[in-house]
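Reading through the C-alpha cells given below for one structure.
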Number of protein chains: 4
Amino acid sequence: MPSLPQPRRTPRQARSQALVEAILEATARVLAERGYAGTNTNLVAERAGVSVGSVYQYFPNKDSLITALHERHAAQMYTVIDTVLANSQPRTLRAHIAAMVHALLAAHRVEPELHRVLEKEFPFFDAPKDQSPADNSIQQRVRQLLEQHRDEIAPRNRDLATWVVLQTLDSLVHAAVIDAPSQFAPSAVERAIVEVLMGYLAGAAR
Amino acid sequence: MPSLPQPRRTPRQARSQALVEAILEATARVLAERGYAGTNTNLVAERAGVSVGSVYQYFPNKDSLITALHERHAAQMYTVIDTVLANSQPRTLRAHIAAMVHALLAAHRVEPELHRVLEKEFPFFDAPKDQSPADNSIQQRVRQLLEQHRDEIAPRNRDLATWVVLQTLDSLVHAAVIDAPSQFAPSAVERAIVEVLMGYLAGAAR
Amino acid sequence: MPSLPQPRRTPRQARSQALVEAILEATARVLAERGYAGTNTNLVAERAGVSVGSVYQYFPNKDSLITALHERHAAQMYTVIDTVLANSQPRTLRAHIAAMVHALLAAHRVEPELHRVLEKEFPFFDAPKDQSPADNSIQQRVRQLLEQHRDEIAPRNRDLATWVVLQTLDSLVHAAVIDAPSQFAPSAVERAIVEVLMGYLAGAAR
Amino acid sequence: MPSLPQPRRTPRQARSQALVEAILEATARVLAERGYAGTNTNLVAERAGVSVGSVYQYFPNKDSLITALHERHAAQMYTVIDTVLANSQPRTLRAHIAAMVHALLAAHRVEPELHRVLEKEFPFFDAPKDQSPADNSIQQRVRQLLEQHRDEIAPRNRDLATWVVLQTLDSLVHAAVIDAPSQFAPSAVERAIVEVLMGYLAGAAR
DNA sequence: GATGAATGAGTATTCATTCAT
DNA sequence: AATGAATGAATACTCATTCAT
C-alpha cells in the first residue's frame with residue numbers, strides 16, 4: 001500500500017497553484033481520453049503547456065498525479081455532499097439521501113470518462129481511507145447525518161452503516177454514470193439508488 | 001473501449017487445456033503478488049513453466065490474459081450462484097439472497113488478493129456486460145430469481161432491479177473482502193449486505 | 001564499492017559469445033571516441049549492430065559494460081605477461097622486467113584511447129582487486145617472478161614489492177602511452193620505466 | 001580533449017572569493033560523498049548555501065568545478081612540496097625525496113575520499129600538464145631539485161627524469177592512500193615509495 | 001549581483017511481441 | 001506445436017543551464 005504521495009513543494013504562490021491546477025487538469029483530460037496505459041508524463045506536461053521538469057517540480061512521480069486527482073475528486077464530492085446536507089431546511093432522512101444522490105449523480109455526469117478512469121482503473125491508488133483527508137471528511141459528514149436520524153434507522157452499528165452507505169453510494173453512482181444500460185431512464189436509476197439506501201437504513205425488510 | 005480479446009485457438013485437446021489452465025493460474029498468482037504493473041508476459045510464462053511463445057499461442061496479447069481470468073472468475077461465480085439457487089428446497093427470497101451472499105463471500109475469501117486486483121485494477125477490462133457469457137448467465141439466473149418472487153418485491157422494473165442487485169452485490173462483496181475495516185465482524189458485514197439487498201427488494205422504505 | 005557485475009546469462013553458444021564480443025567491441029570503440037559521458041547504451045547497441053534489448057540480455061546495466069571491458073583488458077594483459085614470462089629461456093630479472101615492459105607498452109599502443117578511458121576515467125569501476133580473477137592472476141604471476149629471483153632483490157617484503165611493482169608498472173605504462181610528452185622518445189621512456197622498476201628491485205639506492 | 005575551463009569572472013572581491021571557496025568546498029564534499037554520478041550542480045549550490053545561479057556566475061559549467069578543484073589540489077601540493085624543499089638545511093637528495101614523500105602522504109591522508117575521486121574518477125580533467133599553472137610550478141620545482149643534485153643522479157635526460165619522478169610519485173602516493181592493502185604498514189609503504197624513486201635516480205641498478 | 005523556478009534535451013531500461021529454429 | 005533469443009518502441013525521470021525578477 002503506497003503512502004499518499006505529496007507534492008514535492010507545497011505551492012504557496014499563486015503562480016505555482018495555477019501550475020499545479022493546469023497539470024491536474026491536463027492529467028484529468030489525458031486520463032479520460034487515453035486511460036492509464038496511454039497516459040504519460042511528457043504528454044501531460046505538453047497538454048498543460050508546461051515542461052516535464054515542472055511536472056516533476058510538484059509531483060514526485062506519475063502515480064502521484066493520479067493520487068492528487070483522486071484527492072481532488074474526493075474533496076469536490078465532499079463539498080457537494082456538505083453543501084447538500086448543510087444548506088437545507090429541516091428534512092426527512094429520505095430527502096437528504098435523495099438530495100445527495102441527485103447532487104452526486106449530477107457531479108459525476110460532468111466528466112463521466114474521467115470518473116470512469118478514476119473509479120475503475122485506480123481505486124487502488126486510494127490511500128488507506130483514513131489517510132485521505134477528504135474521504136475522511138465525507139465519512140464524518142455522513143456519519144453525522146445518520147447520527148441525527150438515529151431514531152429512524154434500523155442498523156444498530158452506525159459505523160458499519162456509514163461504511164455500507166458510502167460503499168453502496170459510491171459504487172452505484174459510478175455504475176449509474178458509467179455502466180448503466182441505456183434502456184434505463186436516468187431518473188429511474190436515480191430513484192433505485194435512493195431505494196437501495198433507504199431500504200437498508202429504514203430496514204423495514206426485517 | 002477495447003473489444004473482448006478471444007483466445008487465438010480454442011483448445012480442444014486435453015493437453016492444450018492443461019496449458020491454458022497453467023497459464024491462467026500463473027497469471028492469477030503473478031497478478032495477485034505483483035499487481036498489474038509488476039505483471040509481464042515473460043514472467044507469467046516462466047511461472048507457468050512454459051515458453052512465452054506458448055502463451056501467445058493461446059492468448060493474442062497480454063490483456064487477453066486478464067480478460068480470460070475475469071471470465072473464469074465470472075464463470076466460477078456463476079457456478080456458485082447457480083448451485084446455491086438450484087439445489088435448495090423451497091425458500092424465502094431472503095433465504096436465497098442470504099445464501100448467495102454467504103456463498104459469494106466464501107468464494108471471494110479464497111484468494112482475496114487476486115480478487116482485489118481483478119476487481120479494483122481491472123474492472124475496466126470488463127467487456128460490455130452482454131458480451132461476457134458468464135456475466136450474462138449470472139444476470140439471467142438472478143433475473144429468474146426475482147421473477148420467481150415477483151410478488152414479494154417492490155421494484156416494478158425487474159431488469160433494472162436485476163442490474164441494481166448485481167451491481168450492489170458485486171461491489172459490497174468485494175468491498176467486504178478487500179476494504180472492510182477490521183473492526184467490523186465478518187458476520188455483521190455479511191448481514192448488512194443482505195439487509196441492503198432485501199431492503200431494496202422488499203421495499204422496506206416505502 | 002559496487003560488486004562486480006556479472007552477465008545476466010553466461011553465453012555458452014557460439015552465437016551468444018559473438019554477440020557479447022560485438023557488444024564489448026562496440027563499447028570499447030564508443031568509449032574511446034566519446035568518453036563515459038558520451039557513451040550510451042543505445043549507441044553501443046547500434047554500433048554493435050544489435051538491439052538494445054540484446055545488450056540488456058547479457059549486461060544488467062551500463063556500468064557492467066565498462067566492468068567487463070576492464071576485466072577483458074586485465075585478462076589480455078595477463079596473457080601478455082604470462083606469455084612473456086613463460087616462454088623464455090633462462091634470463092636475468094632485468095631481462096624479464098624489460099620484456100614485460102616492452103610487451104605491455106606494445107599492447108597498450110594498440111588502442112591508446114581506449115586505455116586512456118579505461119585507466120583514467122574508470123579505475124573506480126575496478127572491483128576490489130581480489131575479486132577480479134585476471135588481476136589476481138597477474139599478481140600471482142609477478143609475485144612468482146620475484147620469488148624466483150629472491151636472491152637478487154632488495155625489498156624484503158615480497159608482497160609489498162609485488163604491489164609496488166604492479167602499481168608502478170601500471171601507472172607508468174599508461175602514462176607512457178597516454179601522457180608522455182612527445183619530446184620523449186618512446187624507447188627512452190621504455191628504458192626509464194625499466195630503470196624505475198629495476199632500481200627499486202635491485203636496491204640501487206641503498 | 002576539453003580545453004581548460006576558466007572561471008567566468010576572476011573574483012577579486014573578498015566576498016566573491018569566499019563564495020568561490022564555499023562552492024569549491026561544497027563540490028569537494030559532495031564529490032567525496034557521492035562520486036561524480038551523484039554530484040550535481042543544484043546539490044552543490046545547496047550545500048554551499050548559495051543559489052545555482054551564483055554557481056554559474058563563477059563557473060561556466062559543471063566540469064569547471066572539478067577542474068578548479070584539481071587546480072586547487074595541485075596548488076596545495078605545490079605549496080607542500082615547495083615548503084619541504086625550501087626551508088630545509090643542506091640535505092642529501094634522499095633526504096629531500098623522503099621529506100617530499102612524507103609530506104605528500106600526510107597531505108593526502110586528510111581527505112582520502114576526495115583525493116580518490118579526484119585522482120581516480122577525474123584525472124581525465126587534467127589539462128595538458130603545461131596548461132595547469134600549479135602543475136607547472138611543481139614540475140619546475142622538482143626539475144630544480146634534480147638539477148641541484150645532477151651529479152648524484154643516473155638519468156641523463158633530466159626532463160624525462162622529472163616526468164618519471166612526478167608520474168611515479170603521484171601514482172604511488174595516491175595508491176598508498178587509496179588502494180594499499182591494509183596488511184602493509186603505512187611506514188613500510190612510505191619507505192618503499194622512497195626506494196622506488198631513489199632506485200631510479202641513484203641508478204645503481206645498471 | 002543573487003535568486004531559484006522553469007526548461008527540455010537526453011538516456012537507461014523494460015517488456016510485449018515476433019519468428020527462426 | 002513449442003521454444004526463447006532477439007527486437008525496438010516506448011517512457012519515466014534527471015539535471016545542466018537559463019533568465020525574469
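What you see below is based on every heavy atom in this structure, not just the backbone, and it leaves out hydrogens, waters and symmetry mates. Chain identifiers are assigned alphabetically (A, B, ...) following the order of the sequence lines, protein sequences preceding nucleic acid strands; residue numbering begins at 1 within each chain. A quick note: this is a predicted structure, and the numbers were derived from the prediction, not measured.
The interatomic distance linking B/Gln57 (CD) with E/dC19 (P) rounds to 14 Å, in whole Å. Between the CG atom of A/Asp63 and the P atom of F/dT11 there is a distance of 15 Å, given to the nearest Å. The NZ atom of C/Lys62 sits 15 Å away from the P atom of E/dT14 (whole-angstrom rounding). Straight-line distance from the CZ atom of B/Phe59 to the C1' atom of E/dT18: 18 Å, rounded to whole Å. D/Glu46 has its CD atom 14 Å from the C1' atom of E/dT3, to the nearest Å. Rounded to whole Å, the distance from CG on B/Asn61 to C1' on E/dT17 is 10 Å.
Among residues two or more places apart in sequence or in another chain, the side chain to side chain contact (heavy atoms under 4.5 Å, CB included) test is passed with B/Ala68 by B/Leu24, B/Phe59. Among residues two or more places apart in sequence or in another chain, the side-chain hydrogen bond (donor to acceptor under 3.5 Å, both in side chains) test is passed with C/Glu46 by none. With sequence neighbours excluded, the residues that form a side chain to side chain contact (heavy atoms under 4.5 Å, CB included) with C/Ala26 are C/Arg29, C/Val44, C/Arg47, C/Ala48. The side-chain hydrogen bond (donor to acceptor under 3.5 Å, both in side chains) search around D/Gln76 returns none, not counting sequence neighbours. In this view, B/Arg72 and B/Glu21, B/Glu25 satisfy the side-chain hydrogen bond (donor to acceptor under 3.5 Å, both in side chains) rule, not counting sequence neighbours. Listed by chain and residue number, nothing satisfies the salt bridge (Lys or Arg N to Asp or Glu O under 4.0 Å) test with B/Glu111 (two or more places apart in sequence, or in another chain). Listed by chain and residue number, nothing satisfies the side-chain hydrogen bond (donor to acceptor under 3.5 Å, both in side chains) test with D/Thr41 (two or more places apart in sequence, or in another chain).
Of the candidates F/dC13, F/dA6, F/dA16, the closest approach to any side-chain atom of D/Tyr56 belongs to F/dA16.
The side-chain heavy atoms of A/Val30 and A/Asn40, taken from C-beta on, include no pair separated by under 4.5 Å. Residues B/Leu114 and B/His73 form no side-chain contact, since every pair of their non-hydrogen atoms from C-beta on lies 4.5 Å or further apart.
For the pair C/Asn40 and A/Gly49, both in contact range of DNA chain E, the more 5′-proximal nearest nucleotide belongs to A/Gly49.
Taken together, the paired segments of DNA chain E that extend over three or more consecutive Watson-Crick or G-U pairs, each closer than 3.5 Å at both contacts, are E:2-21 with F:2-21.
Using a 4.0 Å cut-off, some side-chain N or O of D/Tyr58 falls inside it from OP1 or OP2 of E/dA2. In this structure, B/Thr41 reaches the E/dA16 phosphate: one of its side-chain N or O atoms is under 4.0 Å from OP1 or OP2.
Within 4.0 Å (heavy atoms only), C/Leu43 reaches no atom of the nucleic acid at all.
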Which atom pairs link the protein and nucleotides 8-10 of chain F when you take only N or O atoms and keep those under 3.5 Å?
unit_1	atom_1	unit_2	atom_2	d
F/dG8	N7	C/Gly53	N	3.2

